[in-house]
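Take a look at the structure set out below.
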Number of protein chains: 2
Amino acid sequence: MSVTIKDIAKRAGVSITTVSRALNGYPDIHPRTRERVLRIADELNFRPNAVARSLVMKKSKTIGLIISELTCSPSSHHFIFDIIRGVHDQAALMGYDVILSATSPNQQQEISYMELCTRRQLDGVLLMGVRTDDRYLQEVLDASVPCVLIDVPLISKTCGHVMVDNVCGARMAVQHLVDIGHRRIGMINGHRQAYVSFDRLKGYRQALKENGLTFDPDQVFDGNFEEDAGVEGVNRLLSRFPDMTALFCASDMIAVGALRALQQWGKRVPEDVAVVGYDDIDLARYIHPPLTTIHQPRYQMGKKAAELLVRMLSGGKGEAVVLEPQLIARESTIR
Amino acid sequence: MSVTIKDIAKRAGVSITTVSRALNGYPDIHPRTRERVLRIADELNFRPNAVARSLVMKKSKTIGLIISELTCSPSSHHFIFDIIRGVHDQAALMGYDVILSATSPNQQQEISYMELCTRRQLDGVLLMGVRTDDRYLQEVLDASVPCVLIDVPLISKTCGHVMVDNVCGARMAVQHLVDIGHRRIGMINGHRQAYVSFDRLKGYRQALKENGLTFDPDQVFDGNFEEDAGVEGVNRLLSRFPDMTALFCASDMIAVGALRALQQWGKRVPEDVAVVGYDDIDLARYIHPPLTTIHQPRYQMGKKAAELLVRMLSGGKGEAVVLEPQLIARESTIR
DNA sequence: TTGAAAGCGCTAACAT
DNA sequence: ATGTTAGCGCTTTCAA
């Protein structure tokens, strides 16, 4: 049996109320009493029971980190882990615990969003990896529990989000290609159910336009964020546009696949075709040739998301936090 | 305000006791009553309050996943993320939620092991990444909360562990090198505060012995699990043993560093020096040359750990779960 | 088969 | 400055 405030009260010869107040630093308590209570609590090695407190306070000091099924794709961990760390560190800093959850692939196991929240009395939720067509999204908007979305640009009274500016990132990538002389630039995009795909395409178009290049939808291959899409994308794009000299990929894994396919086409990178990826996962540095890519501040995304959520928990409104991407030039575009 | 069993009781015209029993599937309840209660609960969209239940049951159906500071090293995410997934999936399957925690670098923030457990009423704890000299370890052994250690071979009444057989893994690696003709085999090990380092060295020695090769401590470089150690290890080892033809590295990141250093020495891999890594992180497949390595079933480790912990929670004793590593031969040893 | 009552450990009116 | 009392939502004796 563990020590409760009752034990302390008995030992200190005061009521449990006094103990509670002393422990929680209320002002209306005699310094000597407080001191004695604190000392005894320490002697008894007292640990407050967060569960009991949650029950009466109706606040659990816990946030849920929900990772959508989508994000459990083979390559996603490069991306997710840093975000998890950022979320955890910032949450801990602010006195919150993080419960991990995932929208599971097998339907039967699936727990509804609200169910999770109410069951565990979550104060708020962080949601990442949801697709535009995810049914969770509607639940989130309907729910009263504050929520911060990662990479999904929705905003409402109870909803905010954190993103990296994808339009900007894509523009930087394409502008970089233009700057080093490319005019025939293809794109391999992620799947259409990701918000980021939409913005990256937009950035690609903008950059072309800004440089007086015409946008041709056929020069964009819609795949997914995995390696395979890179392979298929190159095959399609190159057979249709043999004179393509540059490729913007919506993820580093796509770029990895592209690199492989380009090699099979006998194209040298960057001499024949320059390649830019997106994400700056560890692999980008180590692959051959090292990949020029758009860096996303993943740890910061997690931190900012947790920060925003806690702000919302204390009455703040949902807002949009947009972080800046960064171009990392490596040898896949310049030698 | 959310729906409670009281609301259901009122609406159904029964006592809250009856509602509780009906909801929890007790047998001593009239089928018709149960049915009505269930229907009303559903109509009202009732969600049991896990916090209240935890308070009275003294079981939170929550386990803590504590990741030691150590494990937050730059390269560790390759390894950890899969374990987290395994833990989460298996825990969810068995009705447990997972709270994420970390032993934080800044001392002041540091929460004691027991504090975390009692505060959140954790039913059990999973601990990974602790060093042999970590003070958490003693707390764990002293504590009454069941605990499963990952990659730390301790066992007690309340403690079990999950590991991959590191002696075996190292032997496989070295045996592989011997099999393809190497006799002068160096090793770059991780730091000494990791249990796995000890076992991998043991496996290295065993394999040498089994093949009639003599063990020379100078042929082992003790570094850490990061890339830098690989670079430094190669430099040290090669300047002392210019005729070394093979290298066993205690992590893939070490091997990556080794590959880089070897190149600077003008050594071709695998022609001049063969390299074997450990872990089989994603990078191993993509680096040039693709790395021969020892695969660790990371997702399984997480799953098994959660499984063991839950078994212990229902009265099981601490036990040792040992998984099998697997040799993945790639081009860093054979062309 | 059902209900009344106690209580898990804590906080928070409302006295005093 | 301190104590009394009433809950938070649930489970669980014990009686009926």
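Numbered from 1 within each chain, the chains take letters A, B, ... in sequence-line order.
- Proximity of B:K58 to the phosphate of C:dG9: a side-chain N or O atom is located under 4.0 Å from OP1 or OP2.
- The separation between A:I16 atom CD1 and C:dT11 atom P is 9 Å, rounded to whole Å.
- For the pair B:Y26 and C:dT2, the criterion of a side-chain N or O lying under 4.0 Å from OP1 or OP2 is not met.
- Between A:L308 and A:V321 the shortest heavy-atom distance is CD2-CG2, 4.1 Å.
- If you take NZ of B:K6 and C1' of D:dT11, they are 15 Å apart, rounded to a whole angstrom.
- For A:T18 and A:R34, the side-chain atoms include no donor-acceptor pair closer than 3.5 Å.
- Of the side-chain N and O atoms in B:T4, none sit less than 4.0 angstrom from OP1 or OP2 of D:dG9.
- For B:R21, taking side-chain heavy atoms from C-beta onward, the closest of the listed nucleotides C:dT1, D:dG3, D:dC14 is D:dC14.
- The shortest distance between the side-chain N/O atoms of A:S15 and the OP1/OP2 oxygens of D:dG3 is below 4.0 Å.
- Of the candidate nucleotides D:dG3, D:dC10, C:dG3, D:dC10 has the atom nearest to the side chain of B:F46.
- When the side-chain nitrogen and oxygen atoms of B:T18 are compared with OP1 and OP2 of C:dG3, one or more of them lie within a distance under 4.0 Å.
- When rounded to the nearest whole Å, the span between NZ of A:K10 and P of C:dC10 equals 13 Å.
- Remark: A:S54 is not in phosphate contact with C:dC10, judged by side-chain N or O atoms under 4.0 Å from OP1 or OP2.
- Mapped onto DNA chain C by nearest heavy atom, A:I5 and B:H30 fall at different nucleotides, with B:H30 at the one closer to the 5' end.
- One donor-acceptor pair, N or O on each side, does fall under 3.5 Å between the base of C:dA12 and the side chain of A:T17.
- Atom CG in A:L55 sits about 13 Å away from atom P in C:dA12, given to the nearest Å.
- Computed from coordinates, the A:K61 NZ to C:dT11 C1' distance equals 15 Å when rounded to whole Å.
- Between B:M57 atom CE and D:dT12 atom P the separation is 5 Å, expressed in whole Å.
- When every heavy atom of B:T132 is checked against every heavy atom of B:L137, the shortest pair comes out as O-CD2, 3.9 Å.
- Shown here for A:L309 and A:G124, the closest heavy-atom pair between the two residues is CD2-C, 3.8 Å.
- Taking only side-chain atoms of A:V14, from C-beta outward, the nucleotide of D:dG3, D:dC10, C:dC10 with the closest atom is D:dG3.
- Comparing C:dG9, D:dT12, C:dT1 by their nearest atom to the side chain of B:S20 picks out D:dT12.
- No side-chain N or O of A:R120 forms a donor-acceptor pair with one of B:N49 less than 3.5 Å apart.
- Atom C1' of nucleotide D:dC8 and atom CG of B:N49 are separated by 8 Å, given to the nearest angstrom.
- Atom CG in B:L23 sits roughly 12 Å away from atom C1' in D:dG9 (whole-Å rounding).
- In this model, a donor atom of one side chain and an acceptor atom of the other lie less than 3.5 Å apart for B:N45 and B:R47.
- Below the 3.5 angstrom threshold, one finds no donor paired with an acceptor across the side chain of A:R47 and the base of C:dG9.
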